[in-house]
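Reviewing the structure listed below.
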Amino acid sequence: MIVMKFGGSSVASAAAIERVAGIVKSHIEVRPVVVVSAMGTTTDRLVEALQYASQGFAYSAWRRLEDLRRYHIQETQRLLGCHARKFIETHIAPKFQALHALLVEIEEGKKLTPELQDKVLSYGERLSSAIIAAAFERSGIHCCHVDATEVIITDEQHLGAAPIYSETYARLRRTVAKLARNRVVVMGGFIGATRNGIATTLGRGGSDLSASIVGAGISADEIQIWTDVDGMLTSDPRVFHGAYRLRSLGYDEAEEMARLGAKVLCPRTVQPAMRQGIPIVIRNARHPEGDGTRIGAQTPRPSTVKAIVSKTGMTTVHLFVTKLGMLPCVSTGLSDLFERNQVHVEMVQAQPDGVSFALESSPRLAELLQGVDRSVRITVQERTAVVSLIGDTINSDEAILKRALSAILNDSGVRMVSQGGSQKSLRFAVPESKLRVTVENLHREFFRSADPEIFASTPGSDRTLFTRRFARIATEAPANAHAVPVR
Ligand code: ADP
Ligand code: ASP
Ligand code: MG
């Protein structure tokens with residue numbers, strides 16, 4: 001058995017869903033369990049509708065919902081043809097009626113609790129999974145729909161619930177594993193329910209985690225995450241066009257990439273799969289013939305920079321003390337203050353005369369800093385990006401740090417450097433306006449001679465550099481000439 005998870009962009013239209021049906025058919029002999037995200041950007045639109053409703057903007061909230069209703073109906077009609085009407089009446093219209101009723105309650109003053117938000121957000125995956133199961137059936141795939149809230153049991157931390165593994169695995173074994181013996185199971189990702197049956201969500205991007213939970217629960221042979229890029233890449237293609245695909249990665253490195261900004265994988269996905277040694281494979285639903293990136297227990301070539309990832313929307317706060325003796329107290333006090341107020345600290349760097357923090361930007365920051373002792377001088381820099389180099393044990397290699405700094409110091413306006421946060425990353429805070437040039441410079445420095453055994457070119461990557469390197473290997477070292485060719 002395998003798990004195949006398809007993200008929002010892979011199921012955004014009838015044509016995309018038909019492509020997915022083709023991919024699933026080509027894996028039918030390995031008995032797939034299919035986990036799907038909400039179609040396209042449905043979750044974002046539901047978040048917007050909730051915001052409008054809670055601010056009393058009834059028309060805007062209704063408009064968002066109406067757009068979503070039309071979109072789901074239109075794609076369903078394209079998929080199901082003459083069978084669409086009945087399906088829409090029984091599976092789509094009632095869900096939009098329920099959503100509308102919830103938004104009206106909010107507009108009329110009902111408190112927008114995390115529980116209520118989860119209830120609304122869960123409809124994205126409820127809709128997509130029902131539509132996709134029906135489309136599969138129509139395309140000749142023998143399949144059944146399983147309601148994720150019946151099998152993924154979580155705690156009550158709405159908007160970021162954690163699965164209760166023992167109970168979830170027992171349910172998955174009892175139902176999904178059995179059904180998957182002779183049909184394709186389709187279920188929504190991202191959603192679960194408490195023991196009392198109240199809908200929860202696993203946090204944004206959480207369908208990847210659902211896939212990993214399902215994979216571990218049914219002891220799958222592989223967990224495939226199908227998305228809109230060729231695999232884990234050496235940098236986000238939206239930031240730098242020209243990244244390479246990683247052929248494989250260790251679980252730890254993949255988790256670090258995800259944690260530090262590679263949106264392609266939700267960071268919590270790695271643990272359930274890793275505990276059972278199940279490989280995770282990232283693949284492109286638009287190029288299903290590609291190999292993708294295989295994530296497993298083996299870390300290929302440690303001490304090598306594997307990727308550059310980044311996060312934006314950060315603020316740097318530098319504190320300068322007049323008496324150095326005050327520093328430990330100020331630094332710990334600040335860390336506690338941020339933690340108590342749920343301001344996420346991304347990086348900390350000790351300075352000769354103070355300490356610097358890179359934080360997720362928060363409108364409450366100014367108010368929080370007001371409380372700091374007046375003898376401490378504070379400077380705040382908004383619109384900061386944190387760029388991280390990823391690779392097992394790279395943080396202990398001084399040469400890598402030196403190379404990175406010399407590649408970026410001239411152009412990047414570096415605000416902070418951190419070498420100590422983890423074994424697997426080196427981090428730099430730079431102004432957001434310098435993000436692109438920083439990533440470009442680092443990419444040139446560390447992937448100028450990318451090793452074809454570890455990296456493969458992608459349609460967007462810089463083939464010239466890569467081919468040149470590959471040619472060099474082929475001429476200088478014939479023993480390496482068997483290295484997998486550049487595609
Ligand atoms: P899905 O809807 O399939 O879950 P996501 O949008 O969550 O897809 O994740 C895919 C996106 O992740 C890509 O389009 C890409 O822009 C982004 N991304 C960020 N960093 C990386 C990286 N290092 N490798 C691949 N993709 C990345
Ligand atoms: N639909 C959810 C989101 O957009 C979950 C997911 O796509 O992974 O966050
Ligand atoms: Mg995702």
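Each residue takes its place number in the sequence, starting with 1. Read the numbers this way: they start at 1 and go in the same order the structure lists the ligands and their atoms.
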Task: Asp147 and Thr149 side chains, donor-acceptor separation under 3.5 Å - done: yes

Open item on the list: Does any N or O of ligand 2 fall below 3.5 Å from an N or O anywhere on Lys5, backbone included?
Closed with: no

Please give the N or O to N or O pairs under 3.5 Å between ligand 1 and the protein, distances rounded to 0.1 Å.
unit_1   : atom_1 : unit_2 : atom_2 : d
ligand 1 : 2 (O)  : Gly8   : N      : 3.2
ligand 1 : 3 (O)  : Thr227 : OG1    : 2.7
ligand 1 : 4 (O)  : Lys5   : NZ     : 3.1
ligand 1 : 6 (O)  : Lys263 : NZ     : 2.7
ligand 1 : 7 (O)  : Lys263 : NZ     : 3.4
ligand 1 : 8 (O)  : Thr227 : OG1    : 3.2
ligand 1 : 12 (O) : Val264 : N      : 3.3
ligand 1 : 14 (O) : Asp228 : OD1    : 2.9
ligand 1 : 14 (O) : Asp228 : OD2    : 3.3
ligand 1 : 14 (O) : Arg238 : NH2    : 2.8
ligand 1 : 16 (O) : Asp236 : OD1    : 2.8
ligand 1 : 16 (O) : Arg238 : NE     : 2.9
ligand 1 : 23 (N) : Leu233 : O      : 3.0
ligand 1 : 24 (N) : Leu233 : N      : 2.9

TODO: Please determine if Arg275 forms a cation-pi arrangement with Tyr165, meaning its NZ or CZ atom is less than 6.0 Å from the six-membered ring centre and no more than 45° off the ring axis.
DONE: yes

TODO: Can you label the angle between the His443 ring and the Phe240 ring as parallel, tilted or perpendicular, going by 30° and 60°?
DONE: tilted

- [ ] Using a strict 4.0 Å threshold on nitrogen-to-oxygen distance, state whether Lys5 and Asp208 make a salt bridge.
- [x] yes

Task: Arg171 bridged to Glu167 by N-O distance under 4.0 Å - done: yes

Task: Residues Ser388 and Ser425: side-chain donor-acceptor under 3.5 angstrom - done: no

- [ ] Please could you name the atoms of ligand 2 that Gly206 approaches to less than 4.0 Å, counting only its heavy atoms?
- [x] 5 (C), 8 (O)

Open item on the list: Looking only at distances, can you tell me whether any N or O atom of Thr43, backbone or side chain, sits closer than 3.5 Å to an N or O atom of ligand 2?
Closed with: yes

Open item on the list: List ligand 2 atoms under 4.0 Å from Arg204, heavy atoms only on the residue side.
Closed with: 3 (C), 4 (O), 9 (O)

Task: Residue, atom name and distance, where the atom is the protein heavy atom closest to atom 6 (C) of ligand 2 - done: Ser207 OG, 3.3 Å

Open item on the list: Does this structure show an ion pair linking Glu66 with Arg63, if we count only N-O contacts that are shorter than 4.0 Å?
Closed with: no

TODO: Please check if any side-chain donor atom of Thr393 sits under 3.5 Å from a side-chain acceptor atom of Ser303, or the reverse.
DONE: yes

Open item on the list: Under 4.0 Å from a heavy atom of Glu125: which atoms of ligand 2 are those, numbered in the order shown and with their elements?
Closed with: 1 (N), 2 (C), 5 (C)

Task: Short N-O contact, Asp44 and Arg204, less than 4.0 angstrom - done: yes

- [ ] Could you check atom 7 (O) of ligand 2 against the protein and tell me its nearest heavy-atom contact, residue, atom and distance included?
- [x] Ser37 OG, 3.1 Å

Open item on the list: Checking the N or O distance criterion of under 3.5 Å, is ligand 2 in contact with Gly205?
Closed with: yes

- [ ] State plainly whether the residues Glu105 and Lys110 are in salt-bridge range, i.e. N to O under 4.0 Å.
- [x] yes

- [ ] May I ask whether Gly124 places a heavy atom under 4.0 Å from ligand 2?
- [x] no

